[in-house]
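First the structure, in the form of structure tokens, and then the observations on it.
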Amino acid sequence: MQQKAIVIHSPGSGRSSKLGEAIEWLRLAGMEFVDVLPISALDGLPPQGPVWQKQGIQLAIAAGGDGLVGGVTSHIVSSGLPLGILPLGTANDVARTLGISMDIEQAAATIMQGKATSIDIGVAQPAEQEPHHISDPHKPVLPTDAQSYFVHALTIGINVKFAKFATDKQLRKKYGNLTYAAAVAKALQSYTPIEVDLDFEGVAIYDQGVNGKPGEEPRILNKTVHVSSKVAQVTIVNSPVFWGALRASVPGVNLHDRLLDIVIIEADHLANLVYKILRFFRRSTIQKADYAGWYKQFPELFSAERSHIPGIHHIQAQGITIHCRGQQAEATLDGEIRGQTPIHARVANECLNVIVP
């Protein structure tokens with residue numbers, strides 16, 4: 001049966017030149033395209049999913065990277081319209097998480113022949129619906145009722161600097177395919193610690209099970225847990241894969257558990273940060289807890305800790321509010337600067353219907 005689809009694309013995505021090839025392949029396979037729009041065409045519009053459905057559209061296709069996936073999701077999730085992904089970005093971490101091929105023809109085949117599955121997503125407030133490039137310092141504060149969804153992750157700290165460098169046109173021209181690596185190096189070198197107040201909601205506690213190992217099913221703490229800390233970064237993870245082709249994955253992240261995975265990286269010297277981050281991604285099992293330092297200050301989180309790497313903490317929760325002391329910090333949603341503190345993030349009530357192999 002012929003499907004009617006709308007394609008939303010990002011002209012600035014890393015592999016945007018392959019858009020025409022992908023559309024032609026889908027057209028030959030029987031897809032009917034009602035429209036092909038740049039994401040900028042949706043700026044300032046309310047969610048378009050219901051409008052598209054009235055036009056007979058059965059599928060929305062995000063042709064770009066993670067930021068575009070998040071932007072399109074904000075338009076369709078409340079309508080239940082399914083999402084197809086053509087991974088035309090640079091990292092494509094959401095597509096990699098879902099097992100979607102980086103080969104454009106194979107990714108197009110998944111859209112035509114795959115199956116729809118529901119996954120958890122996050123929602124943040126205040127945050128913008130559409131991805132945009134470097135934020136304008138004179139831009140007014142977002143209205144407090146502005147909210148947006150994220151599929152991959154929400155981050156404050158180092159990743160915001162990375163996003164600014166990675167979208168800098170001069171840096172892209174200078175480094176080409178090495179832009180992401182250069183942006184990471186520049187972000188690490190220029191990072192400054194941030195003092196944050198974190199309020200966790202619905203923290204997942206893993207009680208001791210058989211042989212002293214944590215049980216598989218958590219219980220949810222029914223009180224707010226407050227944490228104050230000086231951090232390099234706070235990341236609220238929904239999809240586990242990071243760093244594109246390197247496929248670093250946050251252990252224990254599940255797209256169907258109705259929990260967000262919150263990773264706090266305490267401020268430290270640059271060399272120590274790099275070592276700890278690499279150790280965090282490489283761990284294959286939950287490590288033994290050491291009741292010291294951070295946990296003496298925040299004992300409620302001792303049984304919630306998933307990493308037990310000194311200086312990096314991995315907590316699962318239903319929601320979190322981030323305040324930055326003495327400043328208003330920007331936040332990236334799915335790699336694009338789209339929010340600002342104080343910011344509240346939680347597991348969205350809605351799930352995203354997405355086409356997977």
Side-chain angles (χ1 to χ4, degrees), residues 5-26 31 33-43 45 47-49 52 57 59-77 81-111 114 119 121 127-134 148-154 159 162-163 166-169 172 176-177 179-180 183 238-239 241-245 332-338 352-356:
I6 186 168
V7 176
I8 311 300
H9 67 99
S10 173
S13 62
R15 301 196 296 166
S16 59
S17 61
K18 294 183 177 292
L19 177 62
E21 172 191 336
I23 289 177
E24 183 60 23
W25 196 98
L26 286 167
M31 184 76 72
F33 294 101
V34 176
D35 212 342
V36 179
L37 300 173
I39 186 69
S40 58
L42 304 180
D43 284 348
L45 296 180
Q48 293 296 289
W52 295 337
I57 292 170
L59 177 70
I61 298 175
D66 298 315
L68 183 76
V69 170
V72 176
T73 293
S74 291
H75 278 279
I76 66 173
V77 67
L81 197 67
L83 178 72
I85 299 176
L86 286 173
L88 301 183
T90 303
N92 303 301
D93 290 327
V94 172
R96 294 178 194 276
T97 294
L98 296 171
I100 296 170
S101 174
M102 296 299 104
D103 178 85
I104 300 305
E105 188 171 313
Q106 290 185 33
T110 291
I111 291 175
I119 63 171
I121 54 175
E128 294 182 318
Q129 198 172 65
E130 317 305 344
H132 60 275
H133 294 297
I134 299 174
S148 185
Y149 296 87
F150 59 96
V151 184
H152 185 227
L154 181 158
N159 194 62
F162 165 78
T167 55
D168 183 89
K169 291 182 180 179
R172 281 178 174 265
N177 292 335
T179 298
Y180 267 34
N238 184 64
S239 302
V241 174
F242 284 77
W243 300 354
T332 62
L333 278 70
D334 296 333
E336 301 277 355
I337 299 171
R338 289 163 54 199
L352 175 65
N353 294 320
V354 60
I355 309 299
V356 299

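These numbers come from a predicted model, not from an experiment.
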Check your understanding: Which pair of non-hydrogen atoms, one from A95 and one from M102, has the smallest distance, and what is that distance?
Key -> CB-CE, 3.8 Å
Revision key, fill the gap. Tightest non-hydrogen contact, residues P47 and H75, listed as CA-ND1, 3.5 Å
Check your understanding: Rounded to the nearest 0.5 Å, how far apart are CE of M31 and CG of L59?
Key -> 5.0 Å
Check your understanding: If you take all heavy atoms of P11 and S16, which pair is closest and at what distance?
Key -> O-OG, 3.1 Å
Review point. Rounded to the nearest 0.5 Å, how far does CD of E130 lie from CD1 of I39?
Key: 4.5 Å
Review point. For the side chain of R96 and the backbone of A91, is there at least one donor-acceptor N/O pair under 3.5 Å apart?
Key: yes
**Study point:** Short side-chain to backbone donor-acceptor contact, H152 and N92, under 3.5 Å
**Key:** no
Check your understanding: Hey, are the side chains of L83 and V77 touching, using non-hydrogen atoms and a 4.5 Å cut-off?
Key -> no
Point to revise | R338 side chain near S74 side chain, heavy-atom distance below 4.5 Å | key: yes
Check your understanding: Taking C-beta and beyond as the side chain, do L26 and F33 meet within less than 4.5 Å on heavy atoms?
Key -> yes
Point to revise | Beyond-backbone contact of I85 with T110, side-chain heavy atoms, under 4.5 angstrom | key: no
Exercise for review: Under the side chain to side chain contact (heavy atoms under 4.5 Å, CB included) rule, what do V354 and V151 come out as? Steps first, then yes or no, please.
Suggested key: CA-CA 11 Å; V354 60; V151 184; over 6 Å; no
Study note, to complete from the structure: Heavy-atom nearest pair, S239 first then V94, reads OG-CG2, 4.4 Å
Check your understanding: For D334 and G70, which heavy atoms make the closest approach, and how far apart are they?
Key -> OD2-CA, 3.1 Å
Revision key, fill the gap. Shortest non-hydrogen pair, W25 vs A108, comes out as CE3-CB, 3.5 Å
Check your understanding: Quick one: CD1 on I76 to CG on L352, what's the gap to the nearest 0.5 Å?
Key -> 5.5 Å
**Study point:** Point-to-point distance, once rounded to the nearest 0.5 Å, from CG of D66 to CZ of F150
**Key:** 13.0 Å
Point to revise | I119 side, atom CD1; L98 side, atom CG - distance, nearest 0.5 Å | key: 5.0 Å
**Study point:** Spatial distance of atom CG (D93) from atom CG (N238) [nearest 0.5 Å]
**Key:** 12.5 Å
